[in-house]
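Step one of this worksheet: look at the structure below.
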Amino acid sequence: MARQLSPVGLDFVGTAPVRLVFARQLSAPPAAVYRALAEDVTGWPAWFRAVTLCRPTADGAGREVKLVGGGHLQETILATEPDQRYAYRVDTVNAPGLRALVEEWLLTPAGTGTRVQWTFAADGSAPLRALLKVARPGMGRSFQDAAGRLDKRIAANSSQS
């Protein structure tokens, strides 16, 4: 059953009770990383193993996401700043305990590549907040794997062009 979450804004990224922040440098330039994140939404399952389906909704203003293990989310896009930032809020989710969730991807030029920073900003019940803090290392590994796979996917697509 879908649960409605709080309609928080971008400021929640800095004020959330739980903020998990991960970063990695990619060899791909910011424009290519941004395209993969914000424009090739349906391509997410090819590089982010936790995602089994990702598709735009509401004429591109939202996304539907399905996760390994049965998670199902409806999201609203909060920021689309080409080559710099992509952020979205989860509006509904089929998991208990969550009250609010925003994810932000910041892209910063780093030499000829990009420093990618992913912030997972959440609020929920006390048990969920504790679980997220314990899950931090696993989420970090998932991000590092996804970012590496994204970099390889971008490189492979660039060489085919």
Side-chain angles (χ1 to χ4, degrees), residues 1-24 26 28-108 114-124 128 131-132 135 138-154 156-157:
M1 179 168 136
R3 299 182 61 250
Q4 187 73 37
L5 303 186
S6 296
V8 294
L10 274 175
D11 60 327
F12 187 71
V13 171
T15 63
V18 177
R19 292 181 68 249
L20 305 178
V21 182
F22 309 99
R24 179 169 176 164
L26 305 186
V33 176
Y34 181 82
R35 273 192 305 274
L37 291 172
E39 297 170 11
D40 183 19
V41 172
T42 59
W44 278 56
W47 57 270
F48 209 127
R49 290 182 178 174
V51 176
T52 62
L53 176 127
C54 190
R55 65 178 168 209
T57 61
D59 293 323
R63 304 184 334 163
E64 175 185 14
V65 178
K66 292 186 180 179
L67 304 172
V68 170
H72 189 196
L73 307 98
Q74 294 290 332
E75 302 170 338
T76 295
I77 308 301
L78 297 176
T80 55
E81 299 171 29
D83 309 348
Q84 296 175 35
R85 175 163 66 164
Y86 183 59
Y88 43 88
R89 172 188 64 227
V90 175
D91 296 317
T92 63
V93 65
N94 64 341
L98 198 58
R99 287 193 283 262
L101 175 60
V102 172
E103 295 182 44
E104 176 186 60
W105 297 77
L106 291 178
L107 311 178
T108 307
T114 307
R115 179 181 186 274
V116 177
Q117 177 180 296
W118 174 50
T119 301
F120 183 94
D123 187 17
L128 179 75
L131 177 64
L132 287 173
M139 290 179 69
R141 283 189 299 277
S142 178
F143 166 77
Q144 293 295 329
D145 175 67
R149 290 168 57 88
L150 175 59
D151 207 23
K152 289 177 185 169
R153 178 178 168 86
I154 292 169
N157 288 343

Which residue pairs pass the salt bridge (charged side-chain N to carboxylate O under 4.0 Å, His left out) test when at least one of the two sits in residues 34-46, sequence neighbours left out?
-> Asp40-Arg153
Hits for ring pair (Phe, Tyr, Trp, His ring centres under 6.0 Å) against Phe48, two or more places apart or cross-chain, chain-then-number order -> none
Report the C-alpha separation of Met139 and Trp118 in whole Å, then their side-chain angles, then the decisive distance to 0.1 Å, and conclude whether the side chain to side chain contact (heavy atoms under 4.5 Å, CB included) test is met.
-> CA-CA 11 Å; Met139 290 179 69; Trp118 174 50; 4.0 Å; yes
For Ala147 against Leu26, the heavy-atom pair lying closest together = O-CD2, 3.4 Å
Please step through side chain to side chain contact (heavy atoms under 4.5 Å, CB included) for the pair Leu67 and Leu73, ending with a clear verdict.
-> CA-CA 8 Å; Leu67 304 172; Leu73 307 98; 3.6 Å; yes
Can you tell me how far CZ of Arg24 sits from CZ of Phe143, rounded to the nearest 0.5 angstrom?
-> 8.0 Å
For Pro82, all residues meeting side chain to side chain contact (heavy atoms under 4.5 Å, CB included), sequence neighbours excluded | Tyr34
How about Ile77 and Tyr86: do any of their side-chain heavy atoms sit closer than 4.5 Å?
-> yes
Would you list the atom pairs, donor with acceptor, under 3.5 Å between side chains in residues 93-102 and any protein atom, with sequence neighbours excluded?
{"unit_1": "Asn94", "atom_1": "OD1", "unit_2": "His72", "atom_2": "N", "d": "2.9"}
{"unit_1": "Asn94", "atom_1": "ND2", "unit_2": "Gly70", "atom_2": "O", "d": "2.9"}
{"unit_1": "Arg99", "atom_1": "NH2", "unit_2": "Gly124", "atom_2": "O", "d": "2.5"}

Set of salt bridge (charged side-chain N to carboxylate O under 4.0 Å, His left out) partners for Arg49, sequence neighbours left out = Asp145
Between CZ on residue Phe12 and CD on residue Glu104, distance to nearest 0.5 Å = 12.5 Å
Results of side chain to side chain contact (heavy atoms under 4.5 Å, CB included) for Pro30 - residues two or more places apart only = Asp83, Pro109, Thr114
In chain order, what residues pass the side chain to side chain donor-acceptor pair (under 3.5 Å) check against Trp105, with sequence neighbours excluded?
-> Tyr88
For a quick test of your reading: what N or O donor-acceptor pairs under 3.5 Å do the side chains of residues 50-62 make, sequence neighbours left out?
{"unit_1": "Thr52", "atom_1": "OG1", "unit_2": "Lys66", "atom_2": "O", "d": "3.2"}
{"unit_1": "Arg55", "atom_1": "NE", "unit_2": "Glu64", "atom_2": "OE1", "d": "2.6"}
{"unit_1": "Arg55", "atom_1": "NH2", "unit_2": "Glu64", "atom_2": "OE1", "d": "2.6"}
{"unit_1": "Thr57", "atom_1": "OG1", "unit_2": "Gly62", "atom_2": "O", "d": "3.4"}
{"unit_1": "Thr57", "atom_1": "OG1", "unit_2": "Arg63", "atom_2": "N", "d": "3.2"}

Nearest heavy-atom neighbours spanning Trp44 and Leu37 | NE1-O, 2.9 Å
With sequence neighbours left out, which residue pairs that include part of residues 89-98 fulfil the salt bridge (charged side-chain N to carboxylate O under 4.0 Å, His left out) condition?
-> Arg89-Asp91
Are Glu75 and Leu5 side-chain neighbours, meaning at least one heavy-atom pair lies under 4.5 Å?
-> no
Residues in salt bridge (charged side-chain N to carboxylate O under 4.0 Å, His left out) with Glu103, at least two apart?
-> none
For Gln117, check side chain to side chain contact (heavy atoms under 4.5 Å, CB included) against everything at least two apart and list the hits.
-> Val21, Ala23, Leu106, Arg115, Thr119
